Amino acid sequence: MKYAKEAEEVDFFRDEEVVADPYPYFEAVRGQCPVQREKHHDVVLITGYDEAVEVYNDTERFSACVSVTGPFPGFPVPLEGDDVSELIERHRDELPMSDQLPTLDPPVHTDHRSLLMRLITPKRLKENEEAMWRLADGMIEDFLAPGKGEFISDFAGPFTLLVIADLLGVPEEDRVEFAEELQGRPRGRGAIGSTEQEELGHTPLEFLYGRFSRYIEERRREPRSDVLTGLATATFPDGTLPEVDAAVRVAANLFAAGQETTVRLLGTALKILGDDRELQRRLRAERQLIAPFVEECLRIESPIKGDFRLSKVPVQLGGVELPAGTTVMVLNGAANRDPEWFENPDTFDVERPGVRRHLAFGRGPHTCPGAPLARAEARVAIERLLDRTEDIRISEEHHGPADARRYHYVPTYILRGLSRLHLEFTPAGEAVAR
């Protein structure tokens, strides 16, 4: 696919063409320079792998205060001078999503992330994986029974929501309400990173905030032997007990961000499998390939297209001088197709050497803490779907023939993933019975 206009004329943040397929654009921008300022919103796009890693690891010179929102609405005051660190601290709370973990800088980020890591211990992840198998088994029969279905809303969304609810200890009696509140909401328009020119509220997580505030307050009054009590009583590294709001933000962020990105990962995985029967055959016969298959899905279609940073001081990056106050966007999806690091980067290779070097989960202090959870969810869901089917196919009725597929992607510049994926199945044993 070639763009009809030059790369510099493309508005990455608004053009629908880039939503449908951003990779020719990434390649064109990287070909000019891996550190390239785009003219529409004055954002410096980082498309090279080395430069992306450098920014992610550098919390001294780059702030994550704009991590989620970037230039929309932009910093609330002019950023002038050679060191804007003080301005950032003075005004960061005026930015949307300023109370969320991805937008915090050390040492505040370090303290709040420590609360989250108390939840995602190896022991808790092992318990949660056991629940994943039960949840997958409980959902898969109904999903497969008609012989066809819409994968994103009928399986991936509910499955990932129930998994994260189990991890965080949401009571069984409340999980239906969580599903109704969170699964029923439209994705894309007016959401974080929407390509529509709509305003973003300060914290679009009201339901989660309200519910987890209640849980944590109850557990602090009356501790129980459950996960929510562990969250309610977790302390910062110095032993102090955080305010209720701090614990709530950690739980809400893990719930919202972890569920959404894993849905996109699963959509990519089933889209690839549905178009490649030979790959399905290999994964059924060689189950050890499922884990590297998941990693290659993460590399070739990173669920998070990119992450923003704001330079605190003048920085030289990739030979380019960036003034203090520069908004940069580290494009994971571009870095993961950098040919300097990944040979034949546009080709899906289930046995790709060094695939886990990908940046789908970021890098450095802000590396996605839920990465082990997402990997386990994808592995369990894929394995169960392969167990229960003889064949998985893309619906030509909905997506067109193999040589002319039609897909709709979530219309945001942050997320990369299908909004719908219609599949057809041959249940296991049916082919033999016939």
Side-chain angles (χ1 to χ4, degrees), residues 59 63-70 76 88-89 91-121 124 160-161 163-171 174 177-178 181-182 185 191-193 200-221 226-262 304 307-310 361-362 365-371 373-374 414:
T59 58
S63 170
C65 65
V66 294
S67 170
V68 178
T69 56
I88 289 172
E89 291 311 308
H91 295 280
R92 67 186 306 145
D93 288 347
E94 299 168 37
L95 289 163
M97 309 294 290
S98 61
D99 56 359
Q100 291 295 293
L101 188 64
T103 69
L104 303 179
D105 292 321
V108 176
H109 174 266
T110 306
D111 288 345
H112 285 72
R113 185 180 172 100
S114 73
L115 296 178
L116 181 56
M117 300 316 291
R118 302 284 181 89
L119 294 174
I120 312 179
T121 63
R124 183 69 194 117
T160 55
L161 186 145
V163 166
I164 201 76
D166 176 82
L167 177 72
L168 290 172
V170 173
D174 291 347
E177 184 183 6
F178 269 70
E181 286 287 334
L182 301 174
R185 296 188 175 185
I192 297 169
L200 177 68
H202 194 73
T203 50
L205 298 164
E206 289 87 356
F207 170 76
L208 290 171
Y209 275 22
R211 188 46 58 94
F212 279 104
S213 292
R214 194 187 82 189
Y215 290 151
I216 290 171
E217 288 167 353
E218 287 175 351
R219 295 319 191 268
R220 285 188 175 180
R221 287 194 304 269
D226 64 5
V227 175
L228 286 169
T229 297
L231 173 63
T233 58
T235 60
F236 287 133
D238 65 1
T240 59
L241 187 69
E243 296 292 328
V244 169
D245 286 353
V248 167
R249 288 194 294 269
V250 166
N253 179 258
L254 178 63
F255 203 111
Q259 197 252 341
E260 181 70 46
T261 53
T262 307
I304 302 293
D307 209 353
F308 295 100
R309 294 291 186 271
L310 186 65
F361 295 120
H366 281 84
T367 298
C368 175
L373 176 67
I414 293 289

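These figures come from a predicted structure and were not determined experimentally.
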Show your reasoning for whether side chain to side chain contact (heavy atoms under 4.5 Å, CB included) applies to D245 and D99. CA-CA 9 Å; D245 286 353; D99 56 359; over 6 Å; no
Could you check whether any side-chain heavy atom of [X] comes within less than 4.5 Å of a side-chain heavy atom of [Y], counting everything from C-beta outward?
{"X": "L208", "Y": "F178", "result": "yes"}
{"X": "R249", "Y": "L101", "result": "no"}
{"X": "V244", "Y": "F212", "result": "no"}
{"X": "L119", "Y": "L168", "result": "yes"}
{"X": "V68", "Y": "I414", "result": "no"}
{"X": "P102", "Y": "N253", "result": "yes"}
{"X": "L373", "Y": "L167", "result": "yes"}

Derivation and outcome, side chain to side chain contact (heavy atoms under 4.5 Å, CB included), residues L161 and L182: CA-CA 8 Å; L161 186 145; L182 301 174; 3.8 Å; yes
If I compare all heavy atoms of [X] with all of [Y], which pair ends up nearest, and what's the gap?
{"X": "V250", "Y": "H112", "value": "CG2-O, 3.6 Å"}
{"X": "R220", "Y": "A232", "value": "NE-O, 2.8 Å"}
{"X": "L228", "Y": "P171", "value": "CD1-CD, 4.0 Å"}
{"X": "P76", "Y": "E94", "value": "CB-OE1, 3.4 Å"}
{"X": "P365", "Y": "R113", "value": "O-NH1, 3.3 Å"}
{"X": "T69", "Y": "P96", "value": "CG2-CB, 3.9 Å"}

Could you check whether R214 pairs with E217 (Lys NZ or Arg NE/NH1/NH2 to Asp/Glu carboxylate O, under 4.0 Å)?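 No.
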Ion pair E181/R211, N-O distance below 4.0 Å: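 Result for this pair is no, no salt bridge flagged.
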Short side-chain to backbone donor-acceptor contact, [X] and [Y], under 3.5 Å:
{"X": "S114", "Y": "F236", "value": "no"}
{"X": "R219", "Y": "V227", "value": "no"}
{"X": "T110", "Y": "P106", "value": "no"}
{"X": "H366", "Y": "L104", "value": "yes"}

Kindly indicate, with the supporting measurements, whether the criterion side chain to side chain contact (heavy atoms under 4.5 Å, CB included) is fulfilled by S63 and R309. CA-CA 6 Å; S63 170; R309 294 291 186 271; over 6 Å; no
Quick one: [atom1] on [X] to [atom2] on [Y], what's the gap to the nearest 0.5 Å?
{"X": "T103", "Y": "L95", "atom1": "OG1", "atom2": "CG", "answer": "8.0 Å"}
{"X": "C65", "Y": "M97", "atom1": "SG", "atom2": "CE", "answer": "13.5 Å"}
{"X": "D105", "Y": "T59", "atom1": "CG", "atom2": "OG1", "answer": "7.5 Å"}

Would you say the side chains of Y215 and D226 form a donor-acceptor pair under 3.5 Å?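 No, D226 and Y215 have no side-chain donor paired with an acceptor closer than 3.5 Å.
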Evaluate the criterion side chain to side chain contact (heavy atoms under 4.5 Å, CB included) for residue pair V163 and Q259; output intermediate values, then yes/no. CA-CA 9 Å; V163 166; Q259 197 252 341; over 6 Å; no
